[in-house]
Novice: 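Sharing a structure with you now.
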Amino acid sequence: PLRLDRRLAARTAVTGEADEAPPSPASSRGSSDSGEAAACGQSSPLLPVRTAWTRPGVKSDLRWRSHRWLSRLAPAMIILGVIVLCALRTGSPRGEGEAPHGAAGDVVGLSGSESFCNGNPGFGKQEPRTWNLPPSTQSMCYNNFHGSANGMDVPRGGRNWCWVARKRNGCHARLAYRLSWQELDAIAFQTGAPDPPEKFFPLLEPEMCDAQAKGATRTWTADEWAAAHQWLSENVKVFVLNLRMNKERWMYMSARLKELHIEAERVDGVDMRVRDALGSAKEEGLIPEGFDLERAKGEAWKVGLNGILGRVGCASAHFRAQRAAINGGRPLAVVFEDDVWPEQDFVPRLWELVHEELPCDWEAVSLSSKCPYGRCISQHLSRVQPDGNEPEASCHGGVNYGFQAVLYHVERLEDLQKRWRQVVFDEGRPHCLDIDVALASISHEVNYYAVPFVQAPGFLSEIHYTSSRETLDSESKVGVETAACSTHEGCQAFVGDCCPTPAGPALGCCRAHPNSCGGIESGVDFVVDGSFGYSVNEVSSPDDCCKHCQKEQQCKAWTWVKDAGLNSLNPGQCWLKGGNVVNKVPKVGVVSGFPSTPVVSDGGDDHDDIGAPHVTSKEARLQVLRALTHVGALEVTEVMQGGAMSGRSAELREAMANNETLAKSCTQILADMEYEMAYAGSWAVHADHVPSPGACCGLCNSEPFCLSWTFVEDAKLAPGFPSQCWLKGGNISGIAHKKGIISGLRG
């Protein structure tokens with residue numbers, strides 16, 4: 001049924017004297033649709049529906065009764081009229097000038113589309129806008145601000161150089177700051193950018209969405225939380241783009257999404273430094289077969305871009321994620337890059353944005369866009385427009401940056417991608433290799449919306465890692481072997497410092513920083529039993545916090561605080577902690593972990609866990625093997641040292657193989673110790689005849705209530721294995737020393 005929103009309902013009130021309906025201000029909303037079309041939208045006042053029926057006096061009882069009858073009928077007549085208009089609108093073929101990609105046909109809530117928009121048909125074509133300035137002003141700006149590239153003066157090239165200076169001194173110089181265009185322009189003008197009398201607004205109607213306060217967190221009811229999560233699970237598939245060389249980022253991102261109860265699928269990034277990466281991407285259909293990378297490099301050099309491998313790889317990876325979304329079986333998809341922090345209420349924010357603010361013509365939405373260019377259409381949303389101040393040759397670039405999180409309407413994604421890829425992989429326009437810039441450049445052809453980055457906290461924050469794209473761009477061909485080392489199939493985990501290969505681990509690739517962080521949990525603060533500890537301010541990411549811990553000999557665990565209230569652009573704080581973890585306390589806005597997690601390996605190449613950590617010390621391996629198996633320490637030592645094998649060595653090898661899952665997933669494994677629960681009556685169950693600690697860990701990982709486990713080697717059970725596995729769900733209050741048991745935390 002047609003969903004009438006509150007604004008339409010309010011306008012059907014029977015009030016006032018008869019008024020003549022004013023003309024529809026469609027042009028002021030950037031729409032070429034008529035008033036009839038706007039009636040279907042219900043979100044902008046394009047069709048006044050006030051009624052004029054009143055009781056004029058008792059001159060004629062019959063006339064009064066007629067007026068009274070008609071006044072009661074009027075609201076129903078108006079609603080019926082709207083339904084008819086919408087039905088006619090839906091059934092008619094698209095006329096010239098209407099929104100592309102069948103937007104109007106999806107407006108009315110007579111199909112599944114009503115679940116994914118607010119009922120508004122959209123805003124039609126958004127032609128490029130320009131800042132019209134006198135030729136003398138344009139010449140002055142070019143002479144003062146054009147600069148040089150590769151030792152040569154930059155030609156005018158159809159650019160508005162007053163606008164170039166305004167962006168350069170304002171938004172581009174402060175990309176990390178959540179500032180409105182008004183604030184950025186004030187800074188730009190103070191630092192020398194021209195301020196002609198002809199005013200220009202990059203974002204029209206900025207009072208609607210261009211302010212920090214627009215992204216403030218609101219209170220959500222329990223019903224809203226439940227409805228939002230149910231809607232997400234039924235309709236939205238979530239993906240995370242991640243390069244294999246950034247394994248730790250995936251661990252942090254997956255931990256954060258797990259905290260938010262968001263299921264996500266990892267999508268491999270594309271590292272163009274790896275041998276045959278270009279051919280593989282073409283074969284997969286990510287890059288057009290005819291794309292000439294060498295020509296693109298030459299054109300990029302002419303405009304001052306000295307490396308493009310990162311850009312090509314980034315674009316290819318996004319197209320790979322889009323393919324996954326098309327095949328994902330859900331009507332909507334969100335694609336995250338791995339350097340973001342989704343806010344605590346990301347799910348209800350997204351749910352509300354789709355239902356209350358997104359027009360029905362939408363195809364893609366950037367959930368955080370810097371230097372936004374276009375028109376605000378609601379509290380959180382802008383309609384992206386191409387920047388007419390920059391030429392098509394440069395992809396109208398310099399605005400609408402940001403693709404850390406994108407929402408897609410999947411049924412429209414395949415057509416969108418075909419048009420998009422043509423623009424991205426145009427060798428003659430290297431700026432179009434930036435996938436966000438490319439989409440914004442064709443926003444007059446496709447329906448692209450964005451949430452301005454200024455809104456705080458908004459949907460997400462950035463974690464300040466080094467940009468993977470910029471790293472790959474700057475390295476160009478340098479580091480091909482390093483990239484191959486981190487991505488070839490035999491190198492999905494490390495033995496010591498090197499990747500195993502079919503020829504043996506000693507002949508594989510090595511990496512400079514083998515230590516890998518482990519036991520990552522988001523929304524959890526680790527409590528330790530040691531007195532050692534201190535904090536480090538302005539730590540930008542969980543990864544940096546872990547590195548601080550790895551450099552500190554006494555550090556056994558760490559906790560990163562996203563916002564510690566520091567008066568700094570980087571408010572992150574890292575706590576380094578000594579001692580064993582004895583409790584885990586839920587806390588919003590923190591990430592905790594260990595400097596490394598032991599993994600036992602015999603040098604094989606069958607590890608497939610992204611980010612699987614490892615041990616290098618023989619003593620550490622011995623300690624882990626003792627904890628992982630029910631075989632005696634002497635026999636473990638014999639196997640590790642290659643000595644004479646006892647009669648139980650085959651059992652040991654089998655136990656090691658069976659515990660591969662444990663080696664990669666369970667943390668804080670302690671021999672002859674038991675984790676004690678914080679209070680009596682905590683949730684706990686046990687299973688008899690469990691053959692190994694690995695099997696016990698697997699049971700814990702499969703049980704949602706289980707937080708820790710204890711394996712009892714000999715529980716006096718017969719027949720069969722005499723061992724027993726206890727699964728426990730309470731917070732940990734301490735550790736008790738007990739012989740013959742092994743304990744650990746769930747993975």
Side-chain angles (χ1 to χ4, degrees), residues 1-7 9 42-43 109 111-120 214-240 253-265 325 328-336 340-360 362 365 367-368 378-381 405-410 451 455-461 521-524 562 584-591 682-683 701-707 729-731 746:
L2 180 65
R3 183 167 59 89
L4 295 176
D5 67 11
R6 292 185 297 272
R7 285 164 291 194
Q42 309 155 31
S43 68
S111 70
S113 293
E114 73 164 346
S115 299
F116 314 125
C117 66
N118 70 350
N120 186 329
K214 300 297 182 181
T217 302
R218 78 168 179 85
T219 301
W220 305 91
T221 67
D223 287 344
E224 288 173 327
W225 278 104
H229 276 277
Q230 181 177 352
W231 172 83
L232 185 88
S233 65
E234 293 175 353
N235 297 293
V236 186
K237 188 81 171 179
V238 179
F239 302 90
V240 178
M253 187 66 179
S254 59
R256 176 60 177 167
L257 294 176
K258 181 179 179 181
E259 179 192 355
L260 301 182
H261 306 288
I262 299 174
E263 293 185 6
E265 179 179 320
R330 305 267 178 87
L332 306 182
V334 171
V335 176
F336 287 111
V340 299
W341 176 277
E343 291 301 325
Q344 204 71 19
D345 60 348
F346 178 88
V347 173
R349 280 180 186 267
L350 186 69
W351 169 71
E352 186 176 68
L353 182 81
V354 170
H355 287 90
E356 298 297 329
E357 299 186 43
L358 258 182
C360 292
W362 74 276
V365 184
L367 297 178
S368 181
S378 65
Q379 178 179 347
H380 302 107
L381 206 59
V406 190
L407 175 68
Y408 292 109
H409 200 311
V410 172
V451 177
Q455 299 182 8
F459 283 83
L460 52 94
S461 302
E521 296 192 46
S522 183
V524 174
K562 176 179 176 286
K584 296 182 177 182
V585 179
K587 187 175 293 186
V588 173
V590 305
V591 178
S682 297
W683 178 88
N701 287 339
S702 65
E703 170 54 62
F705 291 103
C706 183
L707 298 178
N731 290 327
R746 73 175 291 144

Novice: Is any side-chain heavy atom of Asn118 closer than 4.5 Å to one of Glu356?
Specialist: no
Novice: Would you say Arg349's side chain and Gly215's backbone share a donor-acceptor pair under 3.5 angstrom?
Specialist: yes
Novice: Looking at the rings of Trp231 and His355, which for Trp means the six-membered one, are their centres under 6.0 Å apart?
Specialist: yes
Novice: Mind checking side chain to side chain contact (heavy atoms under 4.5 Å, CB included) for Ala456 and listing every partner two or more places apart, or none if nothing turns up?
Specialist: Arg178, Gln212
Novice: Working to the nearest 0.5 angstrom, can you tell me the gap between Leu353 CG and Leu381 CG?
Specialist: 5.5 Å
Novice: Quick one: NZ on Lys562 to CD on Gln344, what's the gap to the nearest 0.5 Å?
Specialist: 10.0 Å
Novice: Leu232 and side chain to side chain contact (heavy atoms under 4.5 Å, CB included): which partner among Leu260, Ile262, Leu332, Val334?
Specialist: Ile262
Novice: Under 3.5 Å, is there a donor-acceptor pair between the side chain of Gln230 and the main chain of Ala227?
Specialist: no
Novice: State the CG-CZ distance between Asp345 and Phe459, to the nearest 0.5 angstrom.
Specialist: 8.5 Å
Novice: In Å, rounded to the nearest 0.5 Å, how long is the span from OG of Ser522 to NZ of Lys258?
Specialist: 10.5 Å
Novice: Can you name the side-chain hydrogen bond (donor to acceptor under 3.5 Å, both in side chains) partners of Lys587, sequence neighbours left out?
Specialist: Asp525
Novice: Does the Lys NZ or Arg CZ of Arg218 fall within the cation-pi geometry relative to Trp220 - under 6.0 Å from the ring centre and within 45° of the axis?
Specialist: yes
Novice: Of all residues at least two apart in sequence or in a different chain, which pass the side-chain hydrogen bond (donor to acceptor under 3.5 Å, both in side chains) check with Ser254?
Specialist: none
Novice: Where does the angle between the aromatic ring planes of Phe336 and Phe346 fall among parallel (under 30°), tilted (30 to 60°) and perpendicular (over 60°)?
Specialist: tilted
Novice: Roughly how far, to the nearest 0.5 Å, is CD of Glu263 from NZ of Lys237?
Specialist: 8.0 Å
Novice: With heavy-atom distances below 4.5 Å as the criterion, would you say the side chains of Asn235 and Pro331 are in contact?
Specialist: yes
Novice: Mind checking what makes salt bridge (Lys or Arg N to Asp or Glu O under 4.0 Å) contact with Glu357, not counting sequence neighbours?
Specialist: none
Novice: Atom CG of Leu460 and atom OG of Ser368: how far apart are they, to the nearest 0.5 Å?
Specialist: 5.0 Å
Novice: Restricting to side-chain hydrogen bond (donor to acceptor under 3.5 Å, both in side chains), what partner residues turn up for Trp341, sequence neighbours left out?
Specialist: none
Novice: Please identify each residue that fulfils side-chain hydrogen bond (donor to acceptor under 3.5 Å, both in side chains) with Glu265, with sequence neighbours left out.
Specialist: none
